[in-house]
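Order of listing sets the numbers, starting from 1, for every ligand and every atom in it.
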Amino acid sequence: MTVTITAFEQSPDRGRGLARDMRVRWALEEVGQPYDVHLLSFAAMKKQAHLSLHPFGQIPTYEDGDLVLFESGAIVLHIAEQHAGLLPNEVGARARAIMWMFAAVGTVEPPIVERSAAYLMERDKPWYAERLPMLDGRVCAQLDRLSRHLGDAEWLDGAFSAGDLMMVHVLRRLESSGLLQDYPNLVAYIARGEARPAYKQAFADQLAVFEAASAG
Ligand SMILES: N[C@@H](CCC(=O)N[C@@H](CSCc1ccc([N+](=O)[O-])cc1)C(=O)NCC(=O)O)C(=O)O
């Protein structure tokens, strides 16, 4: 039975690989698993057929036979548990890799999403100019700490893992913000993730969807 994921029919990330189906695509490529994609319009995401898969009406979802999952982190963890290549076998290293998955989505991502949401929904509000430095400050506080931890290491904890996959994708959202320029080791870290063949394949496949939709 082939796995099926959901993704945007026409992603607002305009093919930049920022939507969260990218994490699932990348994970499936890292473990060498084929998958089908069910593309959804914004309207279809809020209809009952999709809400029965994803109670919050979002993408991505993951279907494998009777199993239906949502939450990109949970999907990546499931893929990593089912196939070799994204989690170490050694108990402690495996636990730390999962720890970094949670750190990505639970500690580093929230201020990045808050900053992005403010730009998208509040940039014309009178308080935005005053609020932006605070939003940047919260993002940079986490970048500072992550950068110090990473130092000159290639990955967060030994070999590349699902923790790095999630963290690289979280950080990519900042690529056009200018905030990463003060953290050259994080820029290089992201570039190492983007240089992986599995990432490149996932990115190309996500971009192809956007280009086909834009051409149509
Ligand atoms: N915590 C969930 C969050 C899922 C989520 O936010 N999904 C978004 C798409 S990825 C988030 C996203 C969207 C757009 C960009 N972008 O750069 O344009 C980046 C990321 C979605 O379905 N949004 C539609 C809706 O909520 O109605 C997860 O990790 O799976």
Side-chain angles (χ1 to χ4, degrees), residues 3-30 35 37-64 67-81 86 97-123 135 139 142 161-180 190 193-194 199 202-214:
V3 161
T4 300
I5 71 169
T6 50
F8 283 123
E9 186 176 70
Q10 184 150 12
S11 179
D13 74 5
R14 308 187 61 73
R16 288 176 294 146
L18 299 177
R20 292 181 175 87
D21 61 295
M22 182 64 197
R23 300 171 183 183
V24 178
R25 291 174 180 272
W26 185 4
L28 287 164
E29 294 292 350
E30 287 284 351
Y35 65 99
V37 185
H38 180 202
L39 298 174
L40 294 175
S41 64
F42 275 99
M45 291 161 70
K46 305 307 182 216
K47 289 197 166 62
Q48 191 50 46
H50 185 63
L51 290 171
S52 65
L53 301 181
H54 195 315
F56 302 98
Q58 294 186 308
I59 60 98
T61 56
Y62 170 100
E63 293 176 85
D64 185 4
L67 176 66
V68 177
L69 297 176
F70 63 89
E71 278 303 326
S72 59
I75 296 168
V76 169
L77 178 56
H78 174 70
I79 292 165
E81 287 176 332
L86 282 173
I98 293 169
M99 170 187 75
W100 281 111
M101 292 182 71
F102 278 84
V105 297
T107 298
V108 178
E109 187 170 48
I112 295 172
V113 171
E114 185 187 16
R115 179 181 182 278
S116 176
Y119 175 76
L120 289 171
M121 297 181 279
E122 300 174 6
R123 62 177 180 270
L135 293 167
V139 170
Q142 304 301 37
S161 77
D164 295 296
L165 185 152
M166 295 299 288
M167 190 65 81
V168 166
H169 191 259
V170 163
L171 293 174
R172 284 203 61 242
R173 194 115 175 230
L174 293 172
E175 281 181 338
S176 59
S177 71
L179 295 182
L180 288 167
I190 295 165
E194 293 173 334
Y199 174 92
F203 185 92
D205 291 344
Q206 198 250 13
L207 174 59
V209 170
F210 178 76
E211 288 178 335
S214 305

May I ask you to identify the nearest protein heavy atom to atom 20 (C) of ligand 1, giving residue, atom name and distance to one decimal place in Å? L18 O, 3.5 Å
From D205 atom CG to E29 atom CD, the distance as rounded to the nearest 0.5 Å: 6.0 Å
Enter the distance from I112:CD1 to L174:CG here, rounded to the nearest 0.5 Å. 4.0 Å
Can you pull out the closest protein heavy atom to atom 10 (S) of ligand 1? Residue, atom name and distance to 0.1 Å, please. R20 N, 3.3 Å
K46 heavy atoms, cut-off 4.0 Å: which ligand 1 atoms fall inside? 25 (C), 26 (O), 27 (O)
N/O of I59 under 3.5 Å from N/O of ligand 1, yes or no? yes
If the cut-off is 4.0 Å to any non-hydrogen atom of M45, which atoms of ligand 1 fall inside it? 22 (O), 24 (C)
Heteroatom proximity flag, P12 to ligand 1, N/O under 3.5 Å: yes
Nearest protein heavy-atom contact for atom 30 (O) of ligand 1: which residue, which atom, what distance? S72 N, 2.8 Å
Got an N/O contact under 3.5 Å between R173 and ligand 1? no
Among H169, R172, R25, whose side-chain contact (heavy atoms from CB on, under 4.5 Å) with Y199 holds? R172
Judged on heavy-atom distance to atom 2 (C) of ligand 1, which of R23, R16, E71, R172 sits nearest? E71
Hey, does H78 have a side-chain heavy atom less than 4.5 Å from the side chain of L67? yes
For P60, the atoms of ligand 1 under 4.0 Å from one of its heavy atoms are 30 (O)
Shortest protein contact, atom 23 (N) of ligand 1 (heavy atom only): F8 CZ, 3.8 Å
Between M22 and L18, is there a side-chain heavy-atom distance shorter than 4.5 Å? no
Which of the numbered atoms in ligand 1 are below 4.0 angstrom from a heavy atom of D13? 16 (N), 17 (O), 18 (O)
Heavy-atom pair of closest approach, residues M45 and L51: O-CD2, 4.0 Å
Give me the nearest non-hydrogen protein atom to atom 26 (O) of ligand 1 as residue plus atom name, then the distance to 0.1 Å. Q58 NE2, 2.8 Å
Report the distance from atom CZ of R23 to atom CG of L28, rounding to the nearest 0.5 Å. 14.5 Å
How long is the straight-line distance from CG of L180 back to CZ of R173, given to the nearest 0.5 Å? 13.5 Å
Can you check side-chain contact (heavy atoms from CB on, under 4.5 Å) on V3 and Y62, steps first, answer last? CA-CA 7 Å; V3 161; Y62 170 100; 3.5 Å; yes
